[in-house]
4 protein chains.
Amino acid sequence: MAPTPDPSRRSAASRRAVLDAALELVQEVPYARLSIEGIAARARVGKQTIYRWWPSKAAILLDAFLALSEGDDGQAPVLPDTGDLVADLRLVLRATVAELTDPRLDAPMRALAAEAVHDATVAELYRDRLDGPLRDAKRQRLRSAQEAGQLAADVDLDVAVDLVWGPVLSRWLHRSGPLTEEFADQVLDAALDGLRARPGR
Amino acid sequence: MAPTPDPSRRSAASRRAVLDAALELVQEVPYARLSIEGIAARARVGKQTIYRWWPSKAAILLDAFLALSEGDDGQAPVLPDTGDLVADLRLVLRATVAELTDPRLDAPMRALAAEAVHDATVAELYRDRLDGPLRDAKRQRLRSAQEAGQLAADVDLDVAVDLVWGPVLSRWLHRSGPLTEEFADQVLDAALDGLRARPGR
Amino acid sequence: MAPTPDPSRRSAASRRAVLDAALELVQEVPYARLSIEGIAARARVGKQTIYRWWPSKAAILLDAFLALSEGDDGQAPVLPDTGDLVADLRLVLRATVAELTDPRLDAPMRALAAEAVHDATVAELYRDRLDGPLRDAKRQRLRSAQEAGQLAADVDLDVAVDLVWGPVLSRWLHRSGPLTEEFADQVLDAALDGLRARPGR
Amino acid sequence: MAPTPDPSRRSAASRRAVLDAALELVQEVPYARLSIEGIAARARVGKQTIYRWWPSKAAILLDAFLALSEGDDGQAPVLPDTGDLVADLRLVLRATVAELTDPRLDAPMRALAAEAVHDATVAELYRDRLDGPLRDAKRQRLRSAQEAGQLAADVDLDVAVDLVWGPVLSRWLHRSGPLTEEFADQVLDAALDGLRARPGR
DNA sequence: TCATAACCGAGACGGTACGTCGGGTCTTGTA
DNA sequence: TACAAGACCCGACGTACCGTCTCGGTTATGA
C-alpha cells in the first residue's frame, strides 16, 4: 500500500535538516503550533520530502529525538551493575529525572509522550524504538538483582520496573509535584522497602 | 479585557448539547480530528456560544468529563476507610483500573491527559478540578493509615500516593503492558511490602 | 449541488478588493503565473472567500472585466444609428480596435478569451455576460440597415456580424498582423462591397 | 548557455512516444490538467527527456499536431487553382470547417490556439510553423485571382484572407454559433459580394 | 576494443499553488 | 443580550506539478 520510495536515494542532508528544524521548533513554539509546513520552511526542504519519508509529525519527532542521543547508536542501552542494587538504581533514576527536567529534552519528549497517549500507533513506535530497549535494560538489571537474591523472588519484573519508574513518569507527565533528585531517592527507597510500617526498621 | 458574559443568562440547553456532542465526538473520531467546529455543528450551537463559555477545547472536555460523573456533584470524594488498609486500597486501585479501561471514559480521559502533558495551563485545570480532590482523598486515607501505625512514619504521603497510583497511570498512558486487576494487585502488594528480598517473608 | 451561500451577507469590500487585485495582477504578471493564492494575498482576503463566491479563475476575471466598464451598468449596449451605416460601423469597429489594443484591457480580455477557447463552460459565461449583449446590439444595427434597404435582404445577420468583426477578432487573437484603424476601415469596406472585382466600380 | 544536445543521438522512439502521449492526453483530460509529468508517465519517458528537447508544453503540442498531418511533410501547402475562384475557395473553406470540427483535431488545436492567445512567443511559433505556410498559400491563390481580374485590384490580400477565414476562426474560437458548411458558404458569398444591397443583384 | 561520453528511465529534490478544513472574530437577525 | 447561523481573515493541511538534479543502464562512436 505504502509506495515507500527507495531509501538509497534519500538525501542525508535533507534528513538532518528536517530533524534539526523539528528539534529547534519544538522548543521555540508551543506544540500546537508546530506544523509540518513550519518544519519544512525552517529546514529549507520541500514539504513533499517530509511526507515522502515520515508517516506523521510524531515520527519526525521520534527520529529527531533519537538523533539527539547519537552516541548510543546501535547498541542497546545497559544499566550499570556494580552489585550494589540501590546505588545503581539511584544513579539511573536520578539520571532519568535529569533527562526529564533537561529543557533541551523536555519539549520533544512531552510532544512524543502526548502523541503516544492518544494514538496507539505512535505509542507502539515509541515503545519499540525508545522505551522498549531501555525497559529491557531495566528489567535485566532487576533480574540480575533477583538472581543475586537482592530482590524478592516472587516479584514480577515488569511490575518492579513500573513501581520504580512509574511514579517518576507519572509526576513528570501530570506535573503533580516537583520532580527532583530527592523525589527520585524517596521513590526508590519506598519501592525497595515498601510503605508498610514494620517493626525492627 | 475579557468580556466575561453574564452566567445567569446562559442557556443550560446549549451547555448540555455542547458537552454531549463533545463526549460523542471524542469517542467517534480520532482526537486530532475533534474540532470545535464539529462540536458546534453536532450540538446545533453557534461557534460563538462555545467560545463565549469555554476558554479551550480541553476545558470543554473537562466539563464534559465532569458531567459524566454526575453523582459526585459538589462533595469531595472520600476513600473508604474500614481500617483494613490493604482491602481499602485494593478496592480503590481496582476501581481506578476499571475506570481507565472503561471504553466510555478512556477516550475523553486520554484526550485530557494528553492535552495536560504538553500544556501546563491545562495541567493546572486538570489538577485542580479532577485529580486534586481525588489525590487529597488518597492522601487522607494514607494519613489515616500512617496515624494508625500501618504505614511507615517517615514516608512522605505524596510519594506514597505516587508509588501506588503512578505505576497504574504510567502503564495506562504508555500502554506499556496490560492494565488488569491483577496488575493493580501486584502493584499494591509490591508498594506496601517493597521489592527487596527479606528474610522471614 | 452547489451550496451557494446567502449573497445578502456577502462583503462588498472583499468583492471589490478581489476584483481590483485580479485586474492589477493580470496586468503585472504573465497569465500562467496568475494564481488564486496571489489574488487573495493581494486583496488581503481569505482564499475561502474567493472559492465561496467564484467558481473559477475565469469567473473572477469576467467579473473584474465587467467592473471595468462600470458606466454601462444594467442597460444593454446600443450601437449608434445615424442612418449612415458606413459611418456608424466605422466608428464602432474603430472603437473595437481601440479597446483591443488598450493595454489596460488587453491582458484581461486575452486571459478570458484564452480560457474560453479551451473551456466551453467559460465560453458560455463569456458569451452570456460579455459578448452576447454586444452582439445583439450589432445585429440590431444591421437589421435596421437591412430594413432601410442598405443591406442585402438575403444576408443572414449573424453571418454579417461575423464578417465585419470576425477578421478583427481573429487578427487580435492570432496576432496575425497589425491591428490598426486602417485595418478596421479596410475590413469594413471589403465586407460591405465584397472582394470581387466588379465593372463600374 | 543552452546546452543544445546533439540531435543525432536523439531517440526517435521517445520522440514518438511523447508526441503520441501528448495527443492522447489532450483529448482525454481537460487542458488545464495536461501536465508534462503526465505526458512523461504515459510515454514511459523520463521528464528530463522532455525538457531536453522541447522548450514548452505548447511546443510539444505543436510538434504533436504537425505529426498528425504527416503527409504534407516538407512541401509547402498549395491551394487548388482551377480558375474557378468561388469553387476553389468553397472547397478549401469547407475543408477548414471540417478540420476545425474534427474531434481528433479540435482538442490539440484549441490547446495551441489558446496558448497562442496569451503568449506572444507561442503565437510566433504557431504562426511560423502552422499558420504561416497556409496563409501564404491562401494569399497566393487570391493573388492569382486578382491577377486574373476576378478580385478587386485595390484589395489588400491580407485583408482578403482575414475577411474569408476570420469569421470562421472567430466562430470556432468563441463558439459563437454553429460551425457548418452552410456557414462557410454564406461567409464566402458575403465576403465576395459584400453585404451592401445593390440594385441589379 | 573498449573507454567515455551522450542519451535514456526513473525519481528525489526545493518550490509554488492547489482546493479544503478549522481556528478564532465579527455581523446579522430572532427570541 | 444570549443565541444559531455563518461570512470573514488566516494558517495549515496533504497533493499535484514545476523545472533541476542526481543516479544506474544502455548505446554508439572515436582513441
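Please read these numbers as outputs of a predicted model, since none were measured by experiment.
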Trainee: Just wondering, more than 12 heavy atoms not from D:R104 lying within 6.0 Å of its CZ?
Mentor: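 Open.
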Trainee: Hey, which of these two, B:Y51 or A:A12, hits DNA chain E nearer its 5' end, going by closest nucleotide?
Mentor: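 The residue closer to the strand's 5' end, by nearest nucleotide, is A:A12.
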Trainee: Does OP1 or OP2 of E:dC13 have a side-chain N or O of A:R9 closer than 4.0 Å?
Mentor: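 No, no such contact exists.
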Trainee: In whole angstroms, how far is the P atom of F:dA7 from the CG atom of C:D6?
Mentor: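 Distance, rounded to whole Å: 7 Å.
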Trainee: Hey, does the side chain of C:T49 come within less than 4.0 Å of F:dC9's phosphate (OP1/OP2), counting only N and O?
Mentor: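 For F:dC9, OP1 or OP2 has a side-chain N or O of C:T49 closer than 4.0 Å.
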Trainee: Under 3.5 Å, is there a donor-acceptor pair linking the side chains of C:Y31 and C:E115?
Mentor: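 There is such a pair between these side chains.
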Trainee: With a 4.0 Å limit, can you tell me whether A:R33 has a side-chain N or O closer than that to the phosphate oxygens OP1/OP2 of E:dG23?
Mentor: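 A:R33 to E:dG23 OP1/OP2: no side-chain N or O under 4.0 Å.
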Trainee: Determine whether a donor-acceptor pair (N or O, by modelled atom type, separation under 3.5 Å) exists between the side chain of D:R127 and the backbone of C:R175.
Mentor: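 Side chain of D:R127 to backbone of C:R175, a donor-acceptor pair under 3.5 Å: yes, one is there.
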Trainee: Taking D:W53's backbone N and O only, do any of them form a donor-acceptor pair with D:R15's side chain (distance below 3.5 Å, no angle check)?
Mentor: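 Flag not set: sc D:R15 to bb D:W53 has no pair under 3.5 Å.
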Trainee: What's the CD1-C1' distance between D:I50 and E:dG11, to the nearest Å?
Mentor: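 Taking CD1 of D:I50 and C1' of E:dG11, I get 14 Å after rounding.
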Trainee: What is the distance, to the nearest angstrom, from the CZ atom on C:R42 to the P atom on F:dC9?
Mentor: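 Interatomic distance, CZ of C:R42 to P of F:dC9: 17 Å.
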Trainee: For E:dA12, does either OP1 or OP2 sit under 4.0 Å from a side-chain N or O belonging to A:W53?
Mentor: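 For E:dA12, OP1/OP2 do not have a side-chain N/O of A:W53 under 4.0 Å.
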Trainee: Measure CD/B:E37 against C1'/F:dA4 and give the value in whole Å, please.
Mentor: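 Result: 14 Å.
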Trainee: Considering heavy-atom distances to DNA chain F, does A:Q48 or B:S11 have its closest nucleotide positioned more toward the 5' end?
Mentor: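 The answer here is B:S11.
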Trainee: Between D:R52 and E:dC7, is there a side-chain N or O to OP1/OP2 distance below 4.0 Å?
Mentor: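 Yes, D:R52 has a side-chain N/O under 4.0 Å of OP1/OP2 on E:dC7.
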Trainee: Would you indicate what C:S14 reaches in the nucleic acid, counting non-hydrogen atoms under 4.0 angstrom: base, sugar-phosphate, or nothing?
Mentor: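 Answer is sugar-phosphate: C:S14 comes under 4.0 Å of backbone atoms only.
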Trainee: Take the protein atom CD1 of C:I60 and the nucleotide atom C1' of E:dC18, then report the distance between them rounded to whole Å.
Mentor: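 Interatomic distance, CD1 of C:I60 to C1' of E:dC18: 13 Å.
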Trainee: Could you tell me how far apart D:Y31 (OH) and F:dC17 (P) are, to the nearest whole angstrom?
Mentor: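 From D:Y31 OH to F:dC17 P: 14 Å.
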Trainee: With no angle test and no hydrogens, is the base of E:dG19 tied to the side chain of C:K47 by a donor-acceptor pair under 3.5 Å?
Mentor: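 Per atom types, the contact qualifies.
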Trainee: Whether the side chain of B:R110 engages the backbone of A:V117 through a donor-acceptor N/O pair (distance < 3.5 Å, no angle test) should be reported.
Mentor: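 Yes: the side chain of B:R110 pairs with the backbone of A:V117.
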Trainee: Rounded to whole Å, how long is the line connecting atom CZ of A:R16 with atom P of E:dG14?
Mentor: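 Between P of E:dG14 and CZ of A:R16: 15 Å.
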Trainee: Can you measure A:I36 atom CD1 to E:dG14 atom P for me and round it to whole angstrom units?
Mentor: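 The answer, rounded to whole Å, is 15 Å.
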